[in-house]
Amino acid sequence: MHSLRPLLHPPENEQILLAQAQRLAGYTLGELAALAGLAIPPDLKRDKGWIGILLELWLGASAGSKPEQDFAALGIELKTIPIDRQGRPLETTFVCVAPLIGNTGVVWETSHVRHKLKRVLWIPVEGERQIPLAERRVGAPLLWEPSEEEEHQLRLDWEELMDLIVLGQVERITARHGEVLQLRPKAANGKALTEAIGTEGARILTLPRGFYLKKNFTARLLARHFHL
DNA sequence: TTATGATCATAC
DNA sequence: GTATGATCATAA
């Protein structure tokens, strides 16, 4: 017998959120999906965000498309992160879409990247593809805030990337720019285009881009916490 | 083997 | 198209 059940509403405080997240540690995705009455896909090929949706459901985050932190009242963003057997991240972490126009005067302090990463509840989940989706286990949660050094690293990369965007060099930016934060396409497909500034300051159409945390960055913050 | 560039589903 | 949730798949 057990009383594990999804939170039906956003948690009223941080303690409730953390307690629920800690209760989920050790369960498989199959168990959590069944208890929540959610159908489990055969794999993630066509359901890349499924684990994120499942954990949102369990933690009472209002699912859907709202440009806000998952737990706005608590100022906390939820991120699931796929890890290998050694606890290292298997994928980069999407942060937010990069604004390609209207950036004159934007600064790090008020940027979307900084706001999104102010406080993050990381939920590690076994992510190796050899493990059937239903058998992958949820790990212990980590409520993280960037250290001074981490924020400095993020800021330097963000400023470099935003400078290039403002100067009309967006199409020359590759994922190799940035030490901990990178810019990569974030689109439904190659036909999805958005407005940007091109060379000579001309208006161009280009692939929407997103900011992503590189694995070296998330690996260090996980290792620091879990003593890996 | 790995990271970059590309892509998938859904709501509005 | 943009927002949410991310992982896939192939070049190197």
Side-chain angles (χ1 to χ4, degrees), chain A residues 6 10 29 32-33 36 38-72 76-86 88-103 111-113 115-117 120-134 136 138-139 157 161 164 170-196 203-220:
Chain A
L29 298 180
L32 294 179
L38 194 65
I40 188 166
D43 55 55
L44 297 178
K45 288 179 185 171
R46 326 214 101 173
D47 296 87
K48 297 180 177 178
W50 184 80
I51 297 175
I53 302 295
L54 176 66
L55 272 296
E56 279 187 347
L57 195 166
W58 272 94
L59 296 175
S62 36
S65 55
K66 288 186 296 298
E68 259 296 349
Q69 287 164 315
D70 294 286
F71 305 101
I76 295 175
E77 172 74 12
L78 175 67
K79 288 288 181 195
T80 59
I81 184 166
I83 56 169
D84 65 17
R85 66 189 57 201
Q86 301 184 55
R88 296 174 306 199
L90 287 165
E91 294 287 347
T92 57
T93 302
F94 172 71
V95 179
C96 62
V97 168
L100 302 183
I101 57 172
N103 285 313
S111 68
H112 288 167
V113 172
H115 184 247
K116 279 273 188 177
L117 298 180
V120 178
L121 180 62
W122 297 97
I123 313 278
V125 178
E126 289 179 333
E128 292 177 330
R129 296 186 203 180
Q130 65 187 255
I131 308 175
L133 186 56
R136 298 183 192 174
V138 174
D157 285 347
L161 294 166
L164 290 168
V170 64
E171 298 199 308
R172 292 175 60 166
I173 299 174
T174 76
R176 283 162 282 264
H177 285 83
E179 294 294 321
V180 299
L181 188 72
Q182 63 183 177
L183 196 74
R184 305 216 310 275
K186 166 63 173 173
N189 55 59
K191 292 168 186 157
L193 299 175
T194 192
E195 197 172 317
R203 192 166 136 310
I204 63 170
L205 288 178
T206 192
L207 235 37
R209 311 300 163 93
F211 287 110
Y212 295 80
L213 296 176
K214 298 182 76 168
K215 290 196 284 184
N216 60 5
F217 185 82
T218 48
R220 286 196 296 258

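Here the structure is a predicted model, which means the values were calculated and not measured. In the text below, chain A, chain B and the rest are named by the order of the sequence lines, each starting its count at 1.
Side-chain proximity of Lys116(A) to the nucleotides dC8(C), dT4(C), dA9(B) is greatest for dT4(C). Listed candidates were dA9(B), dT7(B), dT7(C). Nearest to the side chain of Asn189(A) is dT7(B). Candidate nucleotides dC8(B), dG5(B), dA6(B) were compared by shortest atom distance to the side chain of Ala175(A), and dG5(B) ranks first. Here the side chain of Asp70(A) is nearest to one of dT7(C), dT4(C), dG5(B), namely dT4(C). Counting only heavy atoms from C-beta on, Lys48(A) has its side chain closest to dA6(B) among dG1(C), dG5(B), dA6(B).
Note on Leu193(A): only backbone sugar-phosphate atoms sit closer than 4.0 angstrom, heavy atoms only; bases stay farther off. Looking at heavy-atom distances under 4.0 Å, Glu77(A) makes contact with sugar-phosphate atoms alone, never a base. Among the protein residues, Gly49(A) comes within range of the nucleic acid bases, having at least one heavy atom under 4.0 Å from a base atom. Across all strands, Thr92(A) comes closer than 4.0 Å to base atoms (heavy-atom distances).
Rounded to whole Å, atom P of dT7(C) lies 13 Å from atom CG of Asp84(A). Rounded to an integer number of Å, the gap from CG of Leu57(A) to P of dA6(C) is 13 Å. Leu207(A) has its CG atom 14 Å from the C1' atom of dT2(C), to the nearest Å. At whole-Å resolution of the value, CZ in Arg136(A) and C1' in dA6(C) are 13 Å apart. Atom-to-atom, CG of Leu100(A) to P of dG1(C) comes out at 13 Å; the value is rounded to the nearest Å. Taking atom CD on Gln130(A) and atom P on dT7(C), their separation rounds to 16 Å, with Å as the unit. Rounding to whole angstrom units, CG of residue Asp43(A) and P of dT7(B) are separated by 18 Å. We find that NZ of Lys214(A) is positioned 10 Å from P of dG5(B), with the value rounded to whole Å.
Taking only side-chain nitrogens and oxygens, Arg129(A) never comes nearer than 4.0 Å to OP1 or OP2 of dT7(C). At dA6(C), one or more side-chain N or O atoms of Thr80(A) fall inside 4.0 Å of OP1 or OP2 (strictly under the cut-off). Note on Thr194(A): a side-chain N or O is less than 4.0 Å away from OP1 or OP2 of dT2(C).
Glu128(A) has a carboxylate O that lies under 4.0 Å from a charged side-chain N of Arg85(A), or vice versa, which qualifies the two as a salt bridge. Contact check on Glu195(A) versus Arg203(A) returns a salt bridge, with a Lys/Arg side-chain nitrogen under 4.0 Å from an Asp/Glu carboxylate oxygen.
With DNA chain B read from its 5' end, the first of the two nearest nucleotides for Lys215(A) and Tyr212(A) is the one closest to Lys215(A). The nearest heavy atom of DNA chain B to Gly190(A) and to Glu91(A) marks one nucleotide each, and the one closer to the 5' end goes with Glu91(A).
Looking only at side-chain heavy atoms (C-beta outward), Glu171(A) and Arg209(A) come within less than 4.5 Å of each other. Using a 4.5 Å heavy-atom cutoff, the side chains of Thr206(A) and Leu193(A) are not in contact.
The bend of the helix from dT1(B)-dA12(C) to dC12(B)-dG1(C), defined by the angle between the axes of its first five and last five pairs, stands at 40° to the nearest 10°.
Non-hydrogen atoms lying under 4.0 Å from DNA chain B are contributed by Gln182(A), Arg184(A), Pro185(A), Lys186(A), Ala187(A), all within residues 177-187 of chain A.
With rounding to the nearest 0.5 Å, the separation of CG in Leu54(A) from CD1 in Ile40(A) is 8.0 Å. Distance OH/Tyr212(A) to OG1/Thr218(A): 14.0 Å, rounded to 0.5 Å. Taking CD of Glu126(A) as the reference point, atom CG of Leu90(A) lies at 10.5 Å (rounded to 0.5 Å). To the nearest 0.5 angstrom, Glu77(A) atom CD is 9.0 Å from Trp122(A) atom CH2.
Summarising the geometry of Leu207(A) relative to Gly190(A), their closest heavy-atom pair is CD1-O, 3.7 Å, with the distance given to 0.1 Å.
Evaluated for a side-chain contact (heavy atoms from CB on, under 4.5 Å) with Leu213(A), the options Val95(A), Val120(A), Val180(A), Ile81(A) yield exactly one hit, Val95(A).
Counted by atom type alone, Arg184(A) and Thr92(A) present one or more donor-acceptor pairs between their side chains at under 3.5 Å.
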